[in-house]
Amino acid sequence: MPDPRNLTSDEVRALQHQVGVLNRLVEISQAMNSTLQLNPLLDTIMEAATELTGSEGASILLVDNNTGDLHFTAATGEVSSELLGKVVPLDQSIAGAIISENRAMIVDDVHNEPRHYVSLDEAMAFQTRSLLGVPMRIHDRLIGVLEVVNKLEGEFQPEDMRSITILAAQAAIAIHNTWLVRSFEETSAELDKLNKLKSDFIAIASHELRTPLGIILGYAALLQESSTGITLDYATSLFKSALKMRTLVEGMTNLRYLQLEESEMQLEHVSLDDMMRSAYEEVLDLANAKNHLYVYEEMEEDLCVVADRSKAIMALINVLNNAVKFTPSGGAIILSAERHHNEGWVVVRDNGYGIPGEALERIFDQFYQVEDPLTRRHGGLGIGLTITRAVMGRHSGRVWAESPGPGEGSRFTLAFPLAEKSTP
Ligand code: ADP
């Protein structure tokens, strides 16, 4: 490294200039990173490019991913709006050469450069004299070209090329980020649309199914009463299936009303013991059918919460049903309660299939199921936990899931705020 005391005043000036340019590049980089909107970002890049090189104008040409064409995406000056979208032939333009040869270029006089795309200048009534262009890359992929034209004083110098190369590298990353954000927004809008379609479908289906299902249930019950032998077996299985369908339809209706916050809450003082016992008994037959060890561990003190009794029981039944469903036959399911400060926690533990860490929150999303919909072995619409969370929300309570991972069982906690008389 040269001793600064030995530098000539010209060399000191050159160094000071370089430091100034680098500082400016840092500021520009910060400005570029502060926007995730493509158009303002392109304006910032071009403004910086003209400023750093003392040029008349700048433009950005991006490669079309589908066709491989190069087209003007942004340009400064009066002709900018006419230039936008114009395709530039890869084999008859300097920008095309920059892409094909994957290197920066300085052209002092474009009229001596056979690859200059003259017809564009003619169409735009613009006079390009000199040009400096650099490729923009993301990793090894070329995404476009950043060009500055017509140096205002003298000719483009190697340091202009250095500044524009640094700028182009940062610009490429910033442009790529805006694409990622846009694609994320599009995907999430698409998902919202799909979820809305599903919700609409469920709303219509549940509404339309209710009346015919009521009739089927009515006749199946009548048939059961008046039949014997094999006909009674048929009637009984018809009645059971119709009951299952009614549970599904009720789930759909509940979800809709809870989400619209239209369902009225009948709040009263409810004992946690009473609530848990009712939910436990509702799921007893199912648990026995799978030979589970199914235990309700009573608490010594009874806790009291302010709740809509039937909705709170429904929320707990959903969790118990899942524990039974997602535990292989002969498993263990334990229902218990704990006091935690001013909350009563109702806990359901199972030693079943468990839940992968990344799904622990998502299982509360509408229609989300851990199993692949095409190969899944368990029935259900994927709305039980959504209903449970909505119910808990309406009680100013919480619900969450924990699991050490697949095959390791799960633990669900429903936390209800305790009623005054239960808090110490
Ligand atoms: P459904 O049970 O109809 O699929 P839910 O909303 O009740 O819908 O549950 C969503 C998903 O959460 C289930 O499909 C399942 O993948 C997972 N899940 C819920 N409870 C458990 C549990 N106790 N053990 C393992 N996975 C569970």
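One-based numbering, in listed order, for ligands and for the atoms of each. Predicted, not measured: the structure shown is a model, and the values here were computed from it.
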**Student:** Out of curiosity, is Ser410 lining ligand 1, as in a heavy atom under 4.0 Å away?
**Tutor:** yes

**Student:** In terms of residue, atom name and distance, what is the protein heavy atom nearest to atom 12 (O) of ligand 1?
**Tutor:** Ile363 CG2, 3.2 Å

**Student:** Between Ile383 and ligand 1, find which residue part has any heavy-atom pair under 4.0 Å and reply side chain, backbone, both or neither.
**Tutor:**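 The backbone, only.
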
**Student:** Just checking Glu27: does its CD atom have more than 12 heavy atoms from other residues, nucleotides or ligands closer to it than 6.0 angstrom?
**Tutor:**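 Count over threshold, so yes.
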
**Student:** What protein heavy atom sits nearest atom 23 (N) of ligand 1, and how far off is it?
**Tutor:** Asp350 OD2, 2.9 Å

**Student:** Around Glu101, counting heavy atoms of other residues, nucleotides and ligands shown, do more than 12 lie under 6.0 Å from its CD?
**Tutor:** yes

**Student:** Heavy-atom contacts with Leu385 under 4.0 Å: which atoms of ligand 1 show up? List them by number with element.
**Tutor:** 5 (P), 6 (O), 7 (O), 9 (O), 12 (O), 19 (C)

**Student:** From the options Arg389, Gln369, Glu371, Arg349, select the one whose nearest heavy atom is closest to atom 4 (O) of ligand 1.
**Tutor:** Gln369

**Student:** Would you indicate whether the side-chain heavy atoms of Lys198 and Gln366 approach each other to under 4.5 Å?
**Tutor:**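 The answer is no; the side chains never approach within 4.5 Å.
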
**Student:** Between Glu185 and Arg182, does at least one N-O distance fall below 4.0 Å, as a salt bridge requires?
**Tutor:** no

**Student:** Count the heavy atoms of every other residue, nucleotide or ligand shown that sit under 6.0 Å from OH of Tyr219, and state whether that count exceeds 12.
**Tutor:** no

**Student:** Considering only heavy atoms, which of Ile355, Leu320, Asn322 lies nearest to atom 7 (O) of ligand 1?
**Tutor:**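 Nearest option to atom 7 (O) of ligand 1, by heavy atoms: Asn322.
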
**Student:** Within a radius of less than 6.0 Å around OH of Tyr368, do more than 12 heavy atoms belonging to other residues, nucleotides or ligands occur?
**Tutor:**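 Buried by this count: over 12 neighbours within 6.0 Å.
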
**Student:** With the threshold set at under 4.0 angstrom, would you say Ala359 reaches ligand 1 through any of its heavy atoms?
**Tutor:** no

**Student:** Under 3.5 Å between some N or O of ligand 1 and some N or O of Gly382?
**Tutor:**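 Yes.
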
**Student:** Which is it for Val370 and ligand 1 at heavy atoms under 4.0 Å: side chain, backbone, both or neither?
**Tutor:**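 It is both backbone and side chain that touch ligand 1.
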
**Student:** Which ligand 1 atoms does Tyr368 reach within 4.0 Å, using its non-hydrogen atoms?
**Tutor:** 10 (C), 11 (C)

**Student:** For the CD atom on Gln224, are there more than 12 heavy atoms of other groups (residues, nucleotides or ligands in this structure) within a distance under 6.0 Å?
**Tutor:**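 Result for CD/Gln224: enclosed.
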
**Student:** Is Phe412 close enough to touch ligand 1? Criterion: a residue heavy atom under 4.0 Å from a ligand atom.
**Tutor:**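 True for this residue.
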
**Student:** What atoms in ligand 1 come closer than 4.0 Å to a heavy atom of Lys325?
**Tutor:**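 Within the 4.0 Å cut-off of Lys325, ligand 1 contributes 1 (P), 2 (O), 3 (O).
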
**Student:** Starting from atom 13 (C) of ligand 1, what is the nearest protein heavy atom, named by residue and atom, and what distance separates them?
**Tutor:**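 Protein heavy atom at minimum distance: Phe326 CZ, 3.5 Å.
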
**Student:** Within the structure, is a non-hydrogen atom of Asn318 found at a distance of less than 4.0 Å from ligand 1?
**Tutor:** no

**Student:** Side chains of Ser278 and Arg309: do they bring a donor and an acceptor to under 3.5 Å?
**Tutor:** yes

**Student:** Does a side-chain heavy-atom distance below 4.5 Å link Arg277 with Asp273?
**Tutor:**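 They are in contact (side-chain heavy atoms under 4.5 Å apart), so the answer is yes.
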
**Student:** Give me the atom names and distance for the closest heavy-atom approach of Ala307 to Ala312.
**Tutor:** CB-CB, 4.3 Å

